[in-house]
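In this chain, residues are counted from 1 in sequence order. As the structure lists them, so they are numbered: ligands from 1, and atoms in each ligand from 1.
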Amino acid sequence: MFRRSRLSARLSSVTVGLAAALALTLAACGDDDGSGPGPAAASGATPAGGYKLTQATDFPASPTLDKIRQRGEIIVGTKFDQPLFGLQNPTNDKIEGFDTEIARLLSIRIFGSPDKIQFLQTVSKNREPFIQQGKVDIVIATYTINDARKKLVDFAGPYYTAGQDIMVKSDNTAIRGVADLNGKKVCTVEGSTSEKNLREKAPTADVVLVDTYSSCAEQLIDGRVEAVTTDNVVLLGLISQHKDDLKLVGTTFTTEPYGIGLTKGDDAFRTFVNDTLEEAYQNGDWAKAFQSTVGKVAPTVPTTPTIDRYTA
Ligand code: GLU
C-alpha cells in the first residue's frame, strides 16, 4: 500500500483522484475480477472495442495516411512495460493500456477496425528518431508535448495531462518533496522530460539514467537508488505492481500534456488525428478507453484536454 506523505492544493485533482482510487482499489481487492466497466470486462483481457467511432468517409491528401492505408495497418510506437498506459500482457503478448486504446481509436477511424495495428516498442529516448526515420507512423507513449520536441516531430493532442511525481520505498521518511532529492541517488529515464525537470529542480541530485521506468522500479526495490521520478500515472502503474513496497511522496511539480508524435510537416494527418481525438472526446469513446484501462484503478474520468491545433 502506498501513502502520500503530504497532499496540498497544488496537487491536481486528477492525481488526488488517481491516488485515492488506487489506494482504495488496492486495499479492497487483488486481481481484476472482470466486473469493472467497459469492454475489458467482457473479454477479460484486451478491450476489444465497443467504440462508437466509425471509419472516415473522406481521407485528406496526406503522405502518412497514404502509406498507412497502402500497408493495411498502422505502426505505432509505444511503451511495453508501463502498466495502465502500455504494458505487454505476458499471457497473450498483447499490449494493453490507455495509449493502446487511443491507437485503437485511430485504427477504427482509418480502417473501420480497432486491430489494424502493429505495436513497436519505443523507450523514451528513441521516440523522435523512430518517427524521423519512419520506423513508426506515430508514437503514443506517455509522450509529453513540448517546444524542444516540436522542432523534430509534430504532435496531435493532448489526449491526457499528467504531472511529475516522486516514488520511494514505503518505509522511506527522508524524502518528502523534490528539494529532498538533492544529494540523493535518483533514477529516471534517459531522453525524458523527467530527467530534464529533475536536473532543474534538484540540481545536486545524483541522477541514475536507465532506459525504462520498470528498470528504475527494480533499482529502487533493490536499494540501489533512493527515489524514482517521472509522471504520476507512470509511477502509479508501477506501484500497482509493487503495492507493498513503493509509495508516492510530495506534490506534483510539472505539467505533462501527452500528445501523439507524428512526422513533422504532414499537417493534413495532424488535423485528421486531432479530429479523431475530438470526436472521441465528444462521443464518449475517450472516456470508455480511460475507464477500461487507467479506470481500473482510478474510476474518476478526468475532463478532456483541449486539443492544441498549433501552427508551425
Ligand atoms: N512524459 C514524459 C516524457 O515524455 C515522461 C514519461 C516518459 O518518458 O515516457 O518524457
Below 3.5 angstrom, do we get any N/O pair linking [X] and ligand 1?
X	result
Thr144	yes
Gln82	no
Ser194	no
Thr230	no

Under a heavy-atom criterion of less than 4.0 Å, does Val234 contact ligand 1? no
Looking at ligand 1, would Lys79 count as a contact under a 4.0 Å heavy-atom criterion? yes
Contact atoms of ligand 1, heavy-atom distance to [X] under 4.0 Å:
X	answer
Ser124	7 (C), 8 (O), 9 (O)
Ser192	8 (O), 10 (O)
Tyr258	1 (N)
Tyr143	4 (O)

Carboxylate-amine/guanidinium contact [X] [Y], below 4.0 Å:
X	Y	answer
Lys169	Asp171	no
Asp115	Arg104	yes
Asp275	Arg309	yes

Within a strict 4.5 Å, meaning less than it, do heavy atoms of the Arg149 and Thr193 side chains meet? yes
Find out whether Thr142 and Val233 are in side-chain contact, i.e. whether some heavy atom of one side chain is under 4.5 Å from a heavy atom of the other. no
For atom 4 (O) of ligand 1, which of the options Arg149, Glu256, Glu190, Lys125 provides the nearest non-hydrogen atom? Arg149
Closest to atom 3 (C) of ligand 1 (judged by heavy-atom distance), picking from Thr212, Leu235, Thr193: Thr193
Would you call the rings of Phe98 and Phe85 parallel, tilted or perpendicular, where under 30° means parallel and over 60° means perpendicular? perpendicular
Arg270 to Tyr310, cation-pi by 6.0 Å centre distance and 45° axis angle: yes
Quick check: Phe155 with Tyr143 (ring centres under 6.0 Å apart)? yes
Ligand 1 versus Arg127, non-hydrogen atoms closer than 4.0 Å: side chain, backbone, both, neither? side chain
If you measure from each non-hydrogen atom of Ala141 to ligand 1, which part falls under 4.0 Å: side chain, backbone, both or neither? backbone
Is there a donor-acceptor pair under 3.5 Å between the side chain of Lys185 and the backbone N or O of Val225? no
